[in-house]
Amino acid sequence: MKFGTICDILRGKSGSSFPLVVAVTLAIVIVFSGISEYIRLMIVAQGVRDAVQSTVISTINDNYDNVYHGVREGYSGAYQPSASDFEESLDYGNMYGRLDQLLGLRKENGYHVKYAGDDMEFRLSGLSVDLDNMPLAPVSPDNSRGLLADAVIRLEVPVSFGGKNLPPMVINLRVQAKYMPIF
């Protein structure tokens, strides 16, 4: 079909353009539905990532009390004095508890689930947190490492399109936070 023929059909007054207009309208609705579902998934993933980031930052801040103030040496690590030496002192806190409170999650069958009404909005599982302490009296006392928290969590968001349930979007969100003394 040529472009001129389509324009002639649309300009014609015989009513033959009606099926074409309906088809174009349906195609636009389908495209916008797909785009809106994609945007919904990205908004949920971004919100969960921000909540996990906030939780990791809170965990790092909770470790502030344990930081040996080695500002003079130019580094910081989570250590407590012990007799004649220092020993590592890391506090992982209750990250799932913070996430449950922050996002309004319920614990079900090993998952932390968020509901929108009766429908599941998303669920979280497999939280892994690694606190990387800076060595005490490092060879190179630059502040590049600091006290680092690295967290990974699995996010599952159900996907539906056209009234049908599709396989869920499953991604691993990774966030980091680092404590460095300012003064």
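Treat the numbers as computed from the prediction; the structure is a model and nothing was measured. For this chain, numbers begin at 1 and follow the sequence in order.
- Leu102 and Val44 fall into different hydrophobic clusters, where Ile, Leu, Val, Met, Phe, Trp and Tyr side chains are chained together by heavy-atom contacts under 4.5 Å.
- Through side-chain heavy atoms spaced under 4.5 Å, either directly or across other Ile, Leu, Val, Met, Phe, Trp or Tyr residues, Ile57 is tied to no other residue.
- Annotation: side chain of Arg40 is not in contact with side chain of Met169 (no heavy-atom distance under 4.5 Å).
- A distance of 12.0 Å separates CG in Leu99 from NZ in Lys114, rounded to the nearest 0.5 Å.
- With hydrogens and angles left out, the side-chain atoms of Glu108 and Tyr115 include a donor and acceptor closer than 3.5 Å.
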Which side-chain N or O atoms in residues 116-124 pair as donor and acceptor under 3.5 Å with protein atoms at least two apart or in another chain?
from, atom 1, to, atom 2, distance (Å)
Arg123, NE, Glu156, OE1, 3.1
Arg123, NH2, Glu156, OE1, 3.0

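- Within a 6.0 Å radius of CZ in Phe161, other residues, nucleotides and ligands contribute more than 12 heavy atoms.
- Once rounded to the nearest 0.5 Å, the distance linking OG of Ser33 with CD1 of Ile28 reads 11.5 Å.
- Hydrophobic clustering, with ILVMFWY side chains joined whenever heavy atoms are under 4.5 angstrom apart, keeps Tyr96 apart from Val152.
- When each of Val56, Leu127, Asn172 is tested with Ile153 by the rule side-chain contact (heavy atoms from CB on, under 4.5 Å), just one qualifies, namely Leu127.
- A single hydrophobic cluster is seen to contain both Leu105 and Val129, as judged by linkage of ILVMFWY side chains at heavy-atom distances under 4.5 Å, directly or through other members.
- Remark: Arg174 engages Asp150 in a salt bridge, criterion side-chain N to carboxylate O under 4.0 Å.
- A distance of 10.5 Å separates CZ in Arg49 from CD1 in Ile171, rounded to the nearest 0.5 Å.
- Taking hydrophobic clusters as Ile, Leu, Val, Met, Phe, Trp and Tyr residues chained together by side-chain heavy-atom distances below 4.5 Å, Ile43 shares a cluster with Ile35.
- Not a single side chain to side chain donor-acceptor pair (under 3.5 Å) links Gln53 to another residue, sequence neighbours left out.
- Between Leu41 and Val159, some side-chain heavy-atom pair lies under the 4.5 Å cut-off.
- To the nearest 0.5 Å, atoms CD (Glu37) and OG (Ser160) are separated by 5.0 Å.
- The shortest heavy-atom contact between Gly110 and Ser125 is O-CB, 4.3 Å.
- Of all heavy-atom pairs between Ala51 and Leu103, the closest is CB-CD2, 3.6 Å.
- Using a 4.5 Å heavy-atom cutoff, the side chains of Asp50 and Gln46 are in contact.
- A donor-acceptor pair is defined here as one N or O able to donate and one able to accept, closer than 3.5 Å; such a pair exists between the side chain of Ser58 and the backbone of Ser54.
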